[in-house]
Amino acid sequence: MSGQSQAALSGLLPYMKTYRWRIALVFCLVITVVIIDLAQPYLVKEAIDRHVAVANPDAKAIMWMAAVYLGLVLLSFGLTYCQDILMQSAGQSIVRAIRIDLFKHIQRLSLRFFDQNAAGRIITNVVNDTEALNNFFTQFLSNTLRGGFSLILITFFMLRLHVTIALYCFILVPVIVALSFIFQRILRNVNGEIRNRLATAIAFLAENLNGMAIVQIFHQEAKQQKKFDDRNKALLKATLHENRMHLLFFNITELLGDLGVAALVWFGGRGVIRGAISFGVLYAFIGYIRRFFQPINTITQQLNILQASIVATERIARTMQEQPEIAELPGASAPAIRGEVRFDHVSLAYRPGHTVLKDIQLTIRPGGRVGFVGASGAGKSSLMNLVARFYDATEGAVVIDGKDVREWPLEDLRRTVGIVQQDVTLFFGTILDNIRFFREEISAERVKEACRLVGAEPFILKLPQGYATVLSERGSTLSAGERQLLSFARVLVFDPKILILDEATASLDSETEEVLQEAIHRVSRGRTLLVIAHRLSTVQEMDDIIVLDHGKIVETGSHGELLQRQGYYWRLHQSGILLEEAV
Amino acid sequence: MSGWHIVRSYIYQNRLVYFSGVTLVVVGSLFAVLIPRLLGRFADRLQHGSLNISETASCAGLIIVFGIIRVSTGWTGRILVHRKGRILAYQLRRELFRKWGTLSPGYYHRHSTGDLLSHALSDVEVVRDVASMGINMSTSGLSMLAAAFYMMAVHVDWRLTLAALGPLVVIPALVRWLGPKIRHQSQRSQEALGSMAQTVEEVIGGIRAVKAFGNERVVIGRFEQKVDVIVAEKMRFVRLSALFGSLVPLMANLGFIMVLGYGGFLAIKSVITLGDFVAFTLYVAMLRMPLEQLGSVLNVIQRASASLNRISELLRVVPAVGNREGPLLDRPIHGDLRVERLTFRYPGTERNVLSDVSFTVRPGRTVGIIGSMGSGKTTLADVLLRLYDPPEGTVFIDGADILRYPLARLRQGIAYVPQDGFLFSTTLLENIGFSDERPDREWAQQSARITAVYDNIERFPEGFETEIGERGVRLSGGQKQRVAIARMIYKDAYIQILDDSLSAVDTKTERMILKNMRENGRLKGCSRGGGKTTIIVSHRLSAVQHADEILVLEEGRVIERGNHAGLIMLGGSYARLWSMQSGLTEEEAASLQTGLAVRVDTMHTGLAEEMEAMGSGLTEGVA
């Protein structure tokens with residue numbers, strides 16, 4: 001194991017520290033249980049050598065022996081149960097703590113982290129990596145503990161019984177270990193192959209079920225059937241191979257066990273005849289030699305889990321090392337809020353050398369309504385990122401109500417600046433909770449009022465449970481227009497002084513569009529409005545239009561003025577492809 | 001009817017293999033049971049002092065021989081049975097896929113893809129287990145138990161046998177009792193984990209909103225709740241599995257104690273020999289695993305019942321759309337389409353989606369169908385394609401009811417572009433040439449040129465060989481639609497239906513594609529005269545503007561019909577839509593209606609295009 005991975009696992013130590021006494025207790029319990037279990041062949045040996053195969057057999061003694069062992073077995077029953085629960089609950093608590101710490105940490109990180117890391121990777125980090133750690137505690141630790149102790153104790157018992165025979169028996173150990181390793185590796189590969197092929201077949205199946213109408217319309221059922229058959233057959237081959245390997249391993253182990261027993265009979269039997277060892281000892285060896293296999297097998301299996309949890313720990317540690325770059329200054333305080341936004345020679349580069357905004361100079365008065373227009377990549381969204389302080393300007397400053405946003409308390413800033421995005425963020429939960437974003441302190445009445453105002457109430461009341469309707473799959477049951485209305489209602493509920501609107505571009509039917517336009521009017525009343533505009537109708541109504549190109553402001557003015565000037569805006573306008581560029 | 005007949009008939013068909021497999025496994029178990037007996041005899045000889053070197057050798061030799069026999073027979077038998085089980089799984093999946101190929105969209109509306117996939121995945125797997133592992137384990141478990149019982153009870157002492165086996169036979173009962181509970185609880189903790197994953201996914205996906213609303217605290221609270229649910233569910237699982245994990249060894253140990261105490265006592269009293277005592281201890285250890293397996297076989301059988309019922313039900317579904325009884329018109333179709341007083345409702349529903357719709361399209365002509373969501377325009381396409389059967393005597397092609405054509409013929413004659421531009425995750429070439437076994441590259445390229453997607457494709461490093469979907473590039477909405485149209489063009493059928501297929505394409509490109517289709521839409525040169533029958537369904541007027549006839553649908557009825565100019569003149573619904581979509585004000589639109597309709601056609605084209613585009617609201621740049 002490399003030093004690095006040891007370092008990764010040592011990151012777990014602080015979490016384990018709380019439970020160190022419990023883990024120590026589990027250690028003791030495991031040892032006790034293993035001893036009781038492994039005593040069986042030894043007990044039979046004792047029974048044979050001392051009580052049965054002697055001149056004056058003692059029936060009472062053997063009954064006593066059984067009675068004592070009965071007590072031990074009952075004890076072992078209780079201990080096994082307790083040990084399992086103690087270990088698992090410690091593991092669960094540790095993983096719970098890690099999960100929550102990790103998630104809290106991620107929530108503190110700034111947007112750059114989320115832009116630079118694919119969502120899937122972050123989700124895997126929080127869900128699967130922590131689950132791999134869970135396996136470390138609940139499977140690796142307890143199984144290696146038990147397996148390890150078993151091995152040690154078997155060795156101990158054997159050596160106690162007879163040193164020479166014990167040493168002969170140990171010859172088997174490297175063989176079993178090697179076999180176990182080889183087959184683990186083979187089986188891991190084979191199972192991986194099965195998973196791949198199964199995934200391929202299922203993906204193909206899923207796609208074809210979704211597109212069955214297309215298959216039928218183009219009358220390609222036979223072709224698709226054949227394609228599926230190829231994948232299905234590949235899967236069959238892989239599973240057959242897996243089965244052969246599995247049985248091969250199983251049977252070789254069994255055969256090896258039989259050979260071991262035969263060898264014991266052969267060598268041990270001669271020892272017994274010579275009187276060098278008793279029959280009981282021989283019996284005990286026969287009992288123990290088969291017990292070698294399972295713990296070794298278990299331990300080699302755990303190595304996969306260990307490896308997975310090391311990788312997982314490393315990944316978690318890496319995330320925990322990320323530092324939030326947007327942080328609140330100590331002693332920051334909010335100014336009186338009016339809603340003025342000023343860009344003071346602002347430049348922004350997400351990566352050094354790749355400037356996306358250059359020397360932006362712009363003032364938006366309180367209550368002003370400004371539309372931002374430009375090809376995609378012109379810097380419209382980046383400007384908005386700065387206002388909400390998702391990113392900090394590389395040069396210059398964004399000043400809201402006379403104060404640099406970096407000197408605002410983050411919470412006040414985000415309460416002052418509201419954003420309505422193109423794709424509306426809805427979570428699993430009721431409509432009511434989604435509008436108030438799960439903040440219990442916002443009353444249902446206020447939510448309903450907001451919905452009435454933006455015109456969302458009619459469609460909400462038409463839903464089976466009204467406001468209590470649970471949205472599933474991020475509100476996919478709602479239309480795009482309905483989702484937009486919900487997000488407008490959300491903005492009203494949170495009541496920001498400055499509103500950033502990333503206008504929806506999805507094709508809405510004309511009626512919905514009208515309702516939405518009306519909603520925008522109502523929502524923007526009394527606020528400073530910054531709109532990333534995609535539609536002619538929206539832009540026309542703005543007090544000012546800012547035309548951006550390659551991170552610079554190229555034109556400003558009202559719709560009429562800009563058309564008259566016959567400049568960039570006019571050309572955009574003329575190109576017949578709306579206000580965005582074509583691919 | 002229960003689904004067990006699937007397994008029964010499969011086993012019957014393969015009875016020879018199953019019979020030999022089972023026999024071999026039984027032989028293996030019997031020899032396995034003989035080994036403790038050998039050791040017992042060895043012990044007896046030893047005690048009587050009659051043991052010598054050669055007997056030791058023969059005993060060791062016999063153990064080896066028996067070991068080899070038991071392993072090799074058991075091995076072969078198991079392989080035979082397992083193999084058959086896996087082949088059954090393969091066959092079931094094949095059957096399912098074949099069945100699914102015959103079922104129409106109505107079926108897929110009622111059943112989610114996820115549910116259907118779980119048939120192909122878990123249900124099939126459970127059936128496989130019952131037909132392979134179940135048979136192997138029950139065979140070996142039962143025969144071992146029977147053999148051991150015989151050896152112990154008949155040869156030695158039945159009282160000791162009962163005492164020793166008593167606790168052991170509780171084991172299958174334990175598995176039967178706790179197994180399903182543990183399984184259920186394990187599923188519940190998986191679900192809890194899934195629910196947490198969903199929360200994380202939502203939060204990470206909506207992180208901008210979370211940050212914008214300063215909502216981190218609330219989100220963390222929700223996450224903590226989910227984590228706590230996981231802990232609770234897992235602990236419930238742990239309590240069950242710990243109980244199981246300690247009860248099973250307890251039973252095995254109790255059996256051992258019986259042998260140790262009572263057996264030892266009997267050995268001392270010379271009721272049984274030392275060898276019997278030794279053999280007993282070994283049997284007790286040997287039987288634990290097979291008995292546990294017997295219990296899990298019981299569980300598998302129980303689960304398999306449910307799975308088999310689901311599968312056999314599925315295999316018996318009768319397709320809603322199929323070839324009609326009686327003589328069929330097995331002839332190529334040429335695209336003379338007539339719809340006559342078509343009223344349609346989806347099976348099992350009350351509402352008419354289409355009411356009294358009639359129209360005719362002659363070869364070479366184009367009909368546009370306009371309507372908002374829910375007006376029934378997609379349904380019309382469904383019916384023409386016989387994804388759902390229309391009532392008899394309502395839809396005619398080349399003068400004959402479409403119900404009288406074989407499905408294959410009908411669908412050969414119609415090409416279609418679905419609303420969502422559904423593509424498969426294969427290469428672009430295979431997608432465009434989907435209607436052919438081996439796509440023709442030339443035609444595919446030609447089709448791509450017609451739909452103005454050729455340049456986009458050539459710009460990908462692998463060109464037409466580019467994989468799309470999960471493993472390859474992601475196409476923009478507009479590119480997807482254009483590839484889907486190319487697929488339709490490639491098919492080169494007499495009737496072509498475009499269902500809102502240009503919604504993500506900008507107006508300029510839309511116009512170009514429609515023009516190309518009119519002029520060069522014939523690929524294989526097989527269309528004689530007349531040209532193609534085209535139906536364009538859309539909610540955007542620009543797509544149907546040039547059609548020979550335009551139908552305006554509202555709630556399933558044709559409320560207006562005519563050509564573009566005529567409908568503008570009419571000043572109804574169409575004209576209103578036109579003014580809205582072209583971004584004109586009410587007054588301008590009004591002035592258009594009052595006698596200035598000509599202006600629409602003569603209007604400075606650049607401006608007209610621009611207005612349409614602005615009105616339509618969606619472009620590729622954003623898609």
Side-chain angles (χ1 to χ4, degrees), chain A residues 44 47 52 57 59 62-63 66 70 73 77 80-81 84-85 88 92 96 99 103-104 107 114 119 122-123 126-127 209 211 213-214 217-219 221 228 232 236 239-240 243 251 254-255 258 262 265-266 269 279 376 411 414 419 425 427 437-438 505 507 509-510 536 576-578 580-581 583, chain B residues 46 56 59-60 63-64 67 71 75 82 86 90 93 97 101 105 113 197 200-202 204 206-207 209 212-216 218 220 223 227 231 234 238 242 246 250 253 257 260-261 264-265 267-268 281 372 385 411 416 422 434-435 503 506 508 580 609-610 613-614 617-622:
Chain A
V44 178
V52 181
I62 213 161
M63 294 306 252
L70 177 65
V73 161
F77 165 66
T80 311
Y81 184 75
D84 227 12
I85 289 196
Q88 300 267 355
Q92 292 299 335
R96 176 185 181 276
R99 270 197 178 125
F103 190 76
K104 274 186 182 161
Q107 286 303 310
F114 298 95
I122 304 174
I123 296 165
V126 179
V127 180
L209 286 177
I214 296 294
I217 290 165
F218 284 81
H219 198 56
E221 292 95 331
F228 179 68
N232 197 6
L236 172 67
T239 56
L240 286 177
N243 186 240
N251 285 305
E254 288 287 300
L255 196 59
D258 286 347
V265 167
W266 171 242
F279 176 71
S376 53
E411 214 181 315
R414 302 252 159 95
I419 299 184
T425 307
F427 288 171
F437 227 143
F438 299 93
T505 52
S507 63
D509 62 55
S510 313
L536 177 65
I577 43 168
L578 241 179
E580 302 264 345
E581 66 180 349
V583 171
Chain B
L46 206 100
T56 310
C59 179
I63 290 178
I64 293 178
V71 167
W75 191 348
H82 272 298
R86 278 157 178 71
Y90 159 78
R93 290 198 176 109
F97 192 82
T113 311
V200 177
E201 208 179 316
E202 281 177 350
I204 304 300
I207 192 71
F213 284 88
N215 226 24
E216 290 93 336
V218 178
I220 289 172
F223 178 77
V227 175
V231 174
K234 283 242 166 136
V238 167
S246 46
L250 177 68
N253 287 340
I257 287 171
L260 179 68
F265 174 77
I268 289 169
T281 58
S372 56
L385 287 157
R411 287 179 182 162
Y416 172 72
F422 187 93
F434 187 65
S435 43
S503 58
D506 65 80
K508 215 161 145 194
M580 207 144 52
E609 276 173 24
E610 159 215 326
M614 299 255 170
L618 192 89
T619 65
E620 277 193 21
V622 238

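Because the structure is predicted, anything quoted here is derived from the model rather than measured. In what follows, chains are A, B, ... by sequence order, proteins preceding strands, each numbered from 1.
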Interatomic spacing from [atom1] in [X] to [atom2] in [Y] - rounded to 0.5 Å:
{"X": "B:Arg411", "Y": "A:Glu221", "atom1": "CZ", "atom2": "CD", "value": "7.0 Å"}
{"X": "A:Leu70", "Y": "B:Ile257", "atom1": "CG", "atom2": "CD1", "value": "4.5 Å"}
{"X": "A:Phe427", "Y": "B:Asn215", "atom1": "CZ", "atom2": "CG", "value": "8.0 Å"}
{"X": "B:Trp75", "Y": "A:Leu255", "atom1": "CH2", "atom2": "CG", "value": "8.0 Å"}
{"X": "B:Leu260", "Y": "A:Met63", "atom1": "CG", "atom2": "CE", "value": "10.0 Å"}
{"X": "B:Glu216", "Y": "A:Phe103", "atom1": "CD", "atom2": "CZ", "value": "10.0 Å"}

Under 4.5 Å heavy-atom distance to chain A, tell me which part of [X] shows up: side chain, backbone, both or neither.
{"X": "B:Val71", "answer": "both"}
{"X": "B:Leu46", "answer": "side chain"}
{"X": "B:Leu385", "answer": "side chain"}

Proximal component of [X], with respect to chain B [non-hydrogen, under 4.5 Å]:
{"X": "A:Phe114", "value": "side chain"}
{"X": "A:Phe228", "value": "side chain"}
{"X": "A:Leu236", "value": "side chain"}
{"X": "A:Glu411", "value": "neither"}
{"X": "A:Ala119", "value": "both"}

Please name the pair of heavy atoms, one in [X] and one in [Y], separated by the smallest distance, quoted to 0.1 Å.
{"X": "A:Phe218", "Y": "B:Ser435", "answer": "CD2-CB, 3.8 Å"}
{"X": "A:Asp258", "Y": "B:Gly67", "answer": "OD2-CA, 3.1 Å"}
{"X": "B:Thr56", "Y": "A:Gly269", "answer": "CG2-CA, 3.9 Å"}
{"X": "A:Ala59", "Y": "B:Phe265", "answer": "CB-CD1, 3.7 Å"}
{"X": "B:Gly206", "Y": "A:Thr425", "answer": "CA-CG2, 3.5 Å"}
{"X": "B:Tyr416", "Y": "A:Ile217", "answer": "CD2-CD1, 3.4 Å"}

*Is the count of non-hydrogen atoms from other residues, nucleotides or ligands lying under 6.0 Å from A:Phe437 atom CZ greater than 12?*
yes

*asked:* Given 3.5 Å as the limit, does a donor-acceptor pair link the side chain of A:Asn243 with the main chain of B:His82, or not?
replied: no

*asked:* I need the residue from A:Thr80, A:Ile122, A:Ile419, A:Val127 with the largest number of non-hydrogen atom pairs under 4.5 Å to chain B.
replied: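 Highest number of pairs under 4.5 Å: A:Val127.
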
*Report yes if the side chains of A:Val126 and B:Phe223 come closer than 4.5 Å at any heavy-atom pair, otherwise no.*
yes

_Please enumerate all residues that pass side-chain hydrogen bond (donor to acceptor under 3.5 Å, both in side chains) together with B:Asn253, with sequence neighbours excluded._
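A:Gln40.
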
